[in-house]
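Heavy atoms only: backbone and side chains are in, while hydrogens, waters and symmetry mates are out. Below, chains carry the letters A, B, ... as their sequence lines are ordered, and counting in each starts from 1.
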Protein chains: 2
Amino acid sequence: MDKKRPRTRIQMKNTAAIMEAALDIFSQHGFRGATLDLIAKSSGLSKPNLLYYFPSKEAIHIELLSGLMETWIAPLRALDPQGDPITELMSYVDRKLQMSQDYPRESRLFANEIVQGAPRMFISISEDLKALVDEKSAILQTWSDDGKIAKVNPRHLLFSIWALTQHYADFDVQIRAILDGHEEDPFEEARHFVHTAFLRIITP
Amino acid sequence: MDKKRPRTRIQMKNTAAIMEAALDIFSQHGFRGATLDLIAKSSGLSKPNLLYYFPSKEAIHIELLSGLMETWIAPLRALDPQGDPITELMSYVDRKLQMSQDYPRESRLFANEIVQGAPRMFISISEDLKALVDEKSAILQTWSDDGKIAKVNPRHLLFSIWALTQHYADFDVQIRAILDGHEEDPFEEARHFVHTAFLRIITP
DNA sequence: TCGCATTTTGACCAATTGGTCAGAAACACG
DNA sequence: CGTGTTTCTGACCAATTGGTCAAAATGCGA
């Protein structure tokens, strides 16, 4: 498989199955904890067949990360400089929390990777993501300077949005254990809390 | 080594060296990614000698986690129901952030474990930690009811404090990569941001 | 210094795991 | 059908890794 993109129907189906299985296994066990046997079983293929489509375990992981990166940062990319500052920021917060709810595996995949020093995605963070953050921070800075939002450090504001929203995906077990007997679905109350919290933070 | 606590001077020295090395290795690579050889080399002992002091890799990990758990939740335990609500909460926030700065390895150790479903510490979370959170949440609730702090869900408030402060330790690489060229020490600005953020959230 | 207990180690083992390979099976198509 | 290509597999391999063990080295009190 040295072709860049899947061509035949079989290739499409199998690479998709591998990516799905890999997301499951890698997000649950981390890179080192995941085994080719686990991914093979989960995808319904044999181990040698896995390696027919991808040259190595690391190649699967890299392909997975780079394929998901764009989706993951899409909400920030969508932040509109022309829109109303408060509305734009709050809907960014909402969408980020929604992503934690809808794609917890993706969140954990990145969390696993970054907590361990991002050995396999440092480049895309320090280049692609940094460039995007630089761009959007400038916008937040103008909004802040113009008194449209409170005077806060734009980068740390973004960190806090990531931290709070992704926490609900990454630390899901802990949250559910602690909320046990109090709330059925953490995300219901989370949505309300996160909304009011950030509204207070960014309102001038 | 079936003795509960180290007795001789040699035992004290070596178990301490093992714990220190284990913290280093486990927090950096996660449980599966850490190897006995790595821990052995880092502690200056031979692998069989490691296993003279601890029966297994898992035993080292468990001992490490349970030994650190109490230190980790100490700041919350110190929250004083008699003190001034705003002051108490803000100093809890400050101490939590300080711990992220002073003990990032401990933070990452727990993060690694919880992100992967806390397979080796679910009990202490769902029992010890839950009990503590239940107790402190009740205090926050009275403060909230009495109008001493804003009306917020106490448990989610705690989650947000954990999320934001620990984010600076757990996602350290990402933060430094993004801040590169803008801030030398992330924690300086972090302290200011986190402080004002939570002040806004909890002020009635 | 003697003698016993503690500590340390080299050699070794079995299981796991990422990866290879030759050939079989399935498929596409003239 | 026949044939060339794609897909798939069982058998196998070498490296890693958690753990064992008998024996050697060391520590230490009397």
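Ring geometry for A:F26 against A:H61 counts as perpendicular: the plane angle is over 60°, on a 0 to 90° scale with 30° as the lower cut.
Between B:S46 and C:dT9, a side-chain N or O to OP1/OP2 separation shorter than 4.0 Å is present. Look at B:Q11 and you won't find any side-chain N or O under 4.0 angstrom from OP1 or OP2 of C:dT6. Not one side-chain nitrogen or oxygen of B:Y52 sits closer than 4.0 Å to the OP1 or OP2 atom of C:dT8. Contact annotation: B:N49 does not reach the phosphate of C:dG10 (side-chain N/O to OP1 or OP2, under 4.0 Å).
Here the nucleotide nearest the side chain of A:T8, chosen from D:dT17, C:dG18, D:dT7, is D:dT7. Comparing D:dT17, D:dG19, C:dG18 by their closest approach to the side chain of B:K57 singles out D:dG19. Here the side chain of B:P48 is nearest to one of D:dA11, C:dA11, C:dG18, namely C:dA11. Taking only side-chain atoms of B:Y53, from C-beta outward, the nucleotide of C:dT20, C:dT8, D:dT6 with the closest atom is C:dT8. Which of D:dT20, C:dG18, C:dT20 sits closest to the side chain of A:L36 comes down to C:dG18.
Counting to the nearest Å, the C1' atom of D:dT17 and the CD1 atom of B:I39 are 12 Å from each other. The CD1-C1' distance, from B:I60 to D:dT17, rounds to 13 Å in whole Å. Going from atom NE2 of B:H61 over to atom P of D:dG18 covers 13 Å, rounded to whole Å. Here D:dT26 presents its P atom at 14 Å from NZ of B:K13, a figure rounded to the nearest Å. When rounded to the nearest whole Å, the span between CD1 of B:I25 and P of D:dT17 equals 12 Å. Rounded to whole angstrom, the span from the CZ atom of B:F54 across to the P atom of C:dT7 amounts to 13 Å. Atom-to-atom, CG of B:D37 to C1' of C:dG10 comes out at 14 Å; the value is rounded to the nearest Å. Between the P atom of D:dT17 and the CD atom of B:E58 lies a distance of 18 Å, rounded to the nearest Å.
Of the options B:E106, B:M99, B:Q98, a side chain to side chain contact (heavy atoms under 4.5 Å, CB included) to B:D102 is made by B:Q98 and by none of the others.
Defined by atom type and a distance below 3.5 Å, a donor-acceptor pair is present between the side-chain atoms of B:Q141 and B:D145. Side-chain contact, B:H29 with A:R32: no donor N or O sits under 3.5 Å from an acceptor N or O.
Residue A:L50 is the one, among A:L50 and B:A34, whose nearest nucleotide of DNA chain D lies closer to the 5' end (criterion: closest heavy atom). Each of B:I10 and B:R32 lies near DNA chain D, and the nucleotide nearest B:R32 is the one positioned closer to the 5' end.
Ring centroids of A:H156 and B:Y168 are separated by less than 6.0 Å, placing the two rings close together.
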